[in-house]
Structures are given as structure tokens and as C-alpha cells.
> 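One structure coming up, written as C-alpha cells, with questions to follow.
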There are 2 protein chains.
Amino acid sequence: MKRRTDLFTGQPLDEHPRPRERADAAQNRARILTAAGKLFAARDPREVTMDDVAKAAGVGRGTLYRRYPDTASIAQALLDEHERALQARLLRGEPPLGPGASPAERLAAFYASMVELLDAHIDLVLGAEAGSLRYATGAYGFWRAHVRSLLVEAEAGDPDALTDVMLAPLAPEVYAEQRRRGLTPQQVSAALSGLAHGVLRPPPGSRRAAPGGRGRGGRDVGKRE
Amino acid sequence: MKRRTDLFTGQPLDEHPRPRERADAAQNRARILTAAGKLFAARDPREVTMDDVAKAAGVGRGTLYRRYPDTASIAQALLDEHERALQARLLRGEPPLGPGASPAERLAAFYASMVELLDAHIDLVLGAEAGSLRYATGAYGFWRAHVRSLLVEAEAGDPDALTDVMLAPLAPEVYAEQRRRGLTPQQVSAALSGLAHGVLRPPPGSRRAAPGGRGRGGRDVGKRE
DNA sequence: GTACGAACCGGACGAGATGTCCACTTAAGG
DNA sequence: CCTTAAGTGGACATCTCGTCCGGTTCGTAC
């Protein structure tokens, strides 16, 4: 992964060997990102071409390629801040999403947040995956690590095999198709929540301690009588 | 959807206005499919171009485009027979896969068969989906209908939203990534089986799972009071 | 066996996208 | 100012796509 992930803001993050970005360069970067954002939102993100972005931003091809090798990278840069925000909340946020809740609840909360993110930026997410390089992206590695740790904590089957399975429904194409068919974000979230609770549940009769005995608390306790 | 799905065999299916395929045409079709099959297997299926196929098959571009609008269609034609076979077994096959078993078992069996198919023809499946037109394909509609009926039978939450979710792990990119990471088909099958049983766990004594919010459906009741 | 029309073939062609290259411009520091 | 190097933009060569059409071959009727 390139360390040039600070493409978005431009001014912060002047690393050691990096002299500092010139003013005109920073302005062009901003123009590129702004113009690209509009293009992605306006038409099918997968149809946006490097030429389009260059023209819309009012810069030459060379200038564009200087920073971004393809349109997917541009979309990724636009998406970056949102993903970082979610990542932070996963690590240090309030319980349903952050540490403290049961694995099933945390997974369900993660699903809900991802659905929010997909819904808000479906154009960017689609645009960022031209060519299914999805699994090469840094963000995907993070999601995987997170989900995997939840699976391990819940002792739910083979974590290695299950992780990608549990992440698969979050593929942007899947969500886009669901929306296209008329499903609401709430419906999708609910279905994913059901998935989370279905899989991260101790098999009945298993002698294994209820995973996170403290965990599954909330719900069952509330429900029981 | 084009009705030209009989591209593969060539000789059967002579519809009303279709006179019959000429001998030279049939031969070219065979050459195209043979050559394309080798190309798909030899390199990244998504990199195979129409030019490549034409050259490898020893036919001109025009001849190729006469039958197949793009490489995805060629891969689809090669895949067709295998998918049909599986579809037949789903409808009329022996119990674990066909009718007779519980929804969870049938879903697990379906997963296992799909993993087999993916593993045997991962190159074709990847090649058939250039551009995520996956959801437009006839086969996907069939898988969806099948899974949906199982979900309905098991009364597992909102079938509309859950169907695509349950189908998502079968996306070829997901499976390819899992194999790339060293997982065996058996591991993946096992994980999917766990998924099937986790989600389609029959809610004992429950009339119905609450489909709505937070997927609590079936869970609490199932977990016995 | 021959002749004819329809189906078929294959390569040329134009449009459009990609990624690179390099002469020119301009910001930033002395 | 004046120097330096980062930054710029558009031309270029290449590739792929999809279509078009003159020429060829099959299948059939005679």
C-alpha cells in the first residue's frame, strides 16, 4: 500500500523527505477531488474516465496521472475520511460498535454502520472498486481483522473461512442491487443483524461457555422473563 | 435478456424462425469455445480480450462478434451446461440437495455444490462476470429463487433482504480470494454450512420469527425461554 | 452437376481510453 | 530578482472495442 494516503487533505502530513506541497499543486488536487466527486455522483461511477475528470477539473492528463493512477484511486481518496472515522469508532467508540458489547451485537452494529456508509456513498464505493481490487485495499484488511476478532471471541467456527463469508454481503454491488430492487437500508441492516446473531450464537447444547457470557446479555436478558 | 442462450450446443433448439445452423458456422462456434476455454484457463480470465479469442480460434473479429457480444458471454456459454446440471439437481435431485430435507440442510448442500462448481470452473465464473452483470444473469435469478424459497420455508426473517445476503459469499471474487489465501474448498464449504444452519435454525416451538428490527427474530424464542 | 440466394467470414476502420513523455511554466527560497 | 525544481498540460503511441461491407461458402432447388 502506498503511504500516500494523505491525498485528501493535502496540507497536513508533511513527512520527512517530503519538502511540502506547492500551493498550485494543492489547489489542483482540491479541484480534482471536487470535480471527481461530482462526476461520481452524477453518473455511473464505473463509467467515469480519467479524461472526464481531467476535463471537469480543468487540468491536463499529466497532472491528473501525477497523483492518481486511475479513477478508483480518486474515489478511494474521497472515501478515505469516512472509512477512517468508522475505523476509529470500531476501535474506541461507544459499546454497541466499540468494545464492551457481545460479539454478535458488535457485529450487528458494524453491519449497520457499514450499511449507512454504503448508502451515503454508494457512488464512491462502487467507483473505488473498478476491477474488484477490493481485497487489496487497506480498508478491507481492517474490516477483516475486526470481524475475525469478533468471530474468534465468539468461538464461531473456523474464523479464517468465515470472515470473508461474513464480509461478502457488504460488497457494494450486492448493496446496490438490493437498493435497486427496492429494499430499504433498514431492511438490509435488519437482515444483516439477523445474520450476525444467527452465526455468532453458541450452538444449542454446546458445552462451550456462552460466548462472552457477559456478552449476549443485553438482548436475551431483556427479552427473557 | 437475450433469448440466445442456446449459444453453446448450436444444433438443438431450432426455433420457429431459425432455419438451422450452417456447418461452417457450427464448426467456427466450436473452435471459438474451445479456444476461449483454453485462454480463460491459461491467464486471468478478466484480461482475455475479444481479439485474443478471435486470434486463438483462427477466426475474424466479425465472426466472433456475430455470436458473442463480449468475453463474458463466451464464458457464460461455457458455464451454461454445468449450471443447468446443478439447477436440475436442485429441483429434482436427491434429498440433501433436492426436495425432502430441511431448509438448512438443503441450503448447506446448495452451498457445497456451488463451492464445487466454483472450484472446478473458477476461471469461467470470473470471466463471466466482467462488469458485475452477475445479477442480470439468468442463473443468478435461479439461485435467488431457490434460496428465497428455502428462507421462506424456514421462516427466517425477511426473505427479500436475506436472499442476496446469503448469496453474497458465493460471488466468485470472494471465493477466489479465499482460495488465494490458502483456504481449502472444504473449509469454505464448512463455513457456509455453519452459516446455513446458523441462519436457518428452526425456531423450536416458535410460530414465526419477528422479521423486523435488529434481527432478533427467532433467536430469543429459539434460545428457549 | 450446376446455379443461386442466403448465411457466413474476416479484416479494415473510426471512435475512444490509457499511460507516458517532455518542453514549458511557476512557486518558493536565497 | 534569480535560480531551481516541482508542477503542468497536451501531444503521442498503443490498445480495445464494435461495426461495416466486399468477398466467400453452404445448402438447396432444379
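Chain identifiers are assigned alphabetically (A, B, ...) following the order of the sequence lines, protein sequences preceding nucleic acid strands; residue numbering begins at 1 within each chain.
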> When you look at B/Leu150 and B/Met166, which way does the side chain to side chain contact (heavy atoms under 4.5 Å, CB included) test go after all the steps?
CA-CA 11 Å; B/Leu150 294 179; B/Met166 299 301 279; over 6 Å; no
> Indicate whether OP1 or OP2 belonging to D/dG9 is found under 4.0 Å from a side-chain N or O atom of A/Thr63.
yes
> Rounded to the nearest Å, what distance is computed from the OH atom of residue B/Tyr68 to the C1' atom of nucleotide D/dG18?
18 Å
> Using side-chain heavy atoms (C-beta onward) and a distance below 4.5 Å, is A/Glu116 in contact with A/Pro185?
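With C-beta onward as the side chain, the pair stays apart.
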> When you check the phosphate oxygens OP1 and OP2 of C/dC8, does a side-chain N or O of B/Asn28 lie under 4.0 Å from one of them?
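Negative; the distance criterion is not met.
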> Just how far, in rounded Å, is P of D/dG9 from CZ of A/Arg29?
14 Å
> Determine whether B/Trp143 and B/Leu170 make a side-chain contact, defined as any pair of heavy atoms from C-beta on separated by less than 4.5 Å.
no
> Is there side-chain contact between B/Glu173 and B/Glu129, with at least one heavy-atom pair below 4.5 Å?
yes
> Between the protein and nucleotides 13-17 of chain C, which nitrogen or oxygen pairs come in under 3.5 angstrom?
{"from": "C/dA17", "atom 1": "O3'", "to": "A/Thr49", "atom 2": "OG1", "distance (Å)": "3.2"}

> Once you round it to whole Å, what is the distance between P of D/dG10 and CZ of A/Arg66?
15 Å
> Less than 4.5 Å apart, any side-chain heavy atom of A/Leu86 and any of A/Met114?
yes
> Can you see if the side chain of A/Arg67 gets near the phosphate of D/dT8 - specifically, an N or O under 4.0 Å from OP1 or OP2?
yes
> How close or far is atom C1' of D/dC20 from atom CG of B/Leu64, stated in whole angstroms?
16 Å
